[in-house]
There are 2 protein chains.
Amino acid sequence: MPIPSQAERYRVLRDRSASAGLRMTPQREVLLRIVSEIDGQHPTADDLLRRVRRVLPSISQGTVYRNVQDLVRTGLLGTRARSDGAAQYELNPQEHHHFTCAGCGKVWDVYLQDLRYHVDRRRSRLAGFQIERGGVELLGRCPKCH
Amino acid sequence: MPIPSQAERYRVLRDRSASAGLRMTPQREVLLRIVSEIDGQHPTADDLLRRVRRVLPSISQGTVYRNVQDLVRTGLLGTRARSDGAAQYELNPQEHHHFTCAGCGKVWDVYLQDLRYHVDRRRSRLAGFQIERGGVELLGRCPKCH
DNA sequence: TTATTTGCAAACTGTTTGCAAATAC
DNA sequence: GTATTTGCAAACAGTTTGCAAATAA
């Protein structure tokens, strides 16, 4: 599948927000544009707030946090937990995995070929569990933190 | 390798705490015992505080939080981020992976056979990155949340 | 016209910290 | 004896919430 352009991503975000019943305020419009521009990053709500404020300096923090949560509820953004307590938002709609730097904590998207594993049913106590999907989390050092 | 008994785990925790220069106060002793008793769970600091208070009701919250951080610094406990913002502590010293229930958010330890993957170097931008280890995170539903 | 959204401020949760008194070694 | 640890309370970071005024549809 081809990688969607920024304009395409913006259109998808607008359309799906609208069909989820979200009204297109100027505040939400700017947020959607910024989300559509970000690629391969994992911003916190505060990162998004700062970027929105470069365009709309007087927007309130509550509005951005609320709108980000609306997008999560609608399924347009995914969440990741970060160990410092902040939530990170997942903007990449392609199937991917993650690399986390043990030094700075930043996260990069990783693409894998032939991922294969087999659950050891004897040692794992997963009888009656329904596994929907699995992802790989790599840990290491980024070039800056060597 | 055989799975260590609770008594062995307690001894290891005590020994390594001592050689890290941590003094054995009654408060720390109770925490270490509780940590050694927990197996395959992923308690938050508050979970640990509540369990310690069943033995030492007057222990202060700050003491438990501080001691848990000491154990993390010493390498005796691992950390995991939880999406609700709380930190979870990792007590299982064996190599393992995780299953998270999308319903209740609880985490179980999983053991894998023949984990294999290959990073797609063309699509991933990981030139100069040093990968130290990789783990699998499974997502699905536990029997109670079906 | 009306249900949604905004700005603002206060509240809330998990965690960290400063300090004087207590205590392990 | 002295460096570490404790209890306590206040501070802190990230996030959520209640409410009256503004506004998208």
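Bear in mind that the values here come from a model prediction, so they are computed numbers and not experimental data. Heavy atoms only: backbone and side chains are in, while hydrogens, waters and symmetry mates are out.
One atom, CD of A:E29, and another, P of C:dT5, lie 14 Å apart when rounded to the nearest Å. When the P atom of C:dT4 is taken as reference, atom CZ of A:R73 falls 13 Å away, rounded to whole Å. Here the C1' atom of nucleotide C:dT15 and the CG atom of B:L77 are 16 Å apart, to the nearest Å. As rounded to whole Å, 6 Å separates atom P of D:dT15 from atom OH of A:Y89. As rounded to whole Å, 15 Å separates atom C1' of D:dT16 from atom CG of A:D46. Following rounding to the nearest Å, B:L31 (CG) and D:dT5 (P) show an atom-to-atom distance of 13 Å. The CG-C1' distance, from A:L32 to D:dA24, rounds to 15 Å in whole Å. Remark: P of C:dT15 and CD of B:Q88 are 10 Å apart, rounded to the nearest angstrom.
Under the 4.0 Å criterion applied to side-chain N and carboxylate O atoms, A:D84 and A:R82 are assigned as salt-bridge partners. Salt bridge annotation for B:R14-B:E29: present, with a cationic side-chain nitrogen under 4.0 angstrom from a carboxylate oxygen. Under 4.0 Å is where a charged nitrogen must lie from a carboxylate oxygen, and between A:R125 and B:D109 no such pair does. Taking 4.0 Å as the cut-off between side-chain N and carboxylate O, A:D15 and A:R11 count as a salt-bridged pair. Salt-bridge check for B:R33 with B:E37: passed, with a basic side-chain N closer than 4.0 Å to an acidic carboxylate O. A salt bridge is absent between B:D70 and B:R66; no separation between the charged side-chain nitrogens and carboxylate oxygens falls under 4.0 Å.
Between A:Q27 and the phosphate of D:dT23, there is no side-chain N or O to OP1/OP2 separation shorter than 4.0 Å. At C:dA24, none of the side-chain N or O atoms of B:T25 fall inside 4.0 Å of OP1 or OP2 (strictly under the cut-off).
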Original post:
Between B:R51 and B:D47, does a salt bridge (charged side-chain N to carboxylate O under 4.0 Å, His left out) hold up when you go through it step by step?
Top reply: CA-CA 6 Å; B:R51 297 185 67 145; B:D47 292 335; over 6 Å; no
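Classified by interplanar angle (parallel below 30°, tilted 30° to 60°, perpendicular above 60°), the ring pair B:Y111/B:H96 is tilted.
With the end axes of the helix from C:dT1-D:dA25 to C:dC25-D:dG1 each set by five pairs, the angle from one to the other reads 40° at 10° resolution.
Separating the SG atom in A:C101 from the CZ atom in A:R141 is a distance of 6.0 Å, to the nearest 0.5 Å.
Using modelled atom types and a 3.5 Å distance limit, the side chains of A:H42 and A:Q88 yield no donor-acceptor pair. Defined by atom type and a distance below 3.5 Å, a donor-acceptor pair is present between the side-chain atoms of A:H98 and A:R80.
Listed by residue number, B:Q61, B:Y65, B:R66, B:Q69 are the residues of residues 58-71 of chain B with a heavy-atom contact under 4.0 Å to DNA chain C.
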Can you name the atoms? Protein N/O to nucleotides 1-4 of chain D N/O, anything below 3.5 Å, with the distance.
unit_1	atom_1	unit_2	atom_2	d
D:dA3	N3	B:R23	NH1	3.0
D:dT4	O4'	B:R23	NH1	3.3

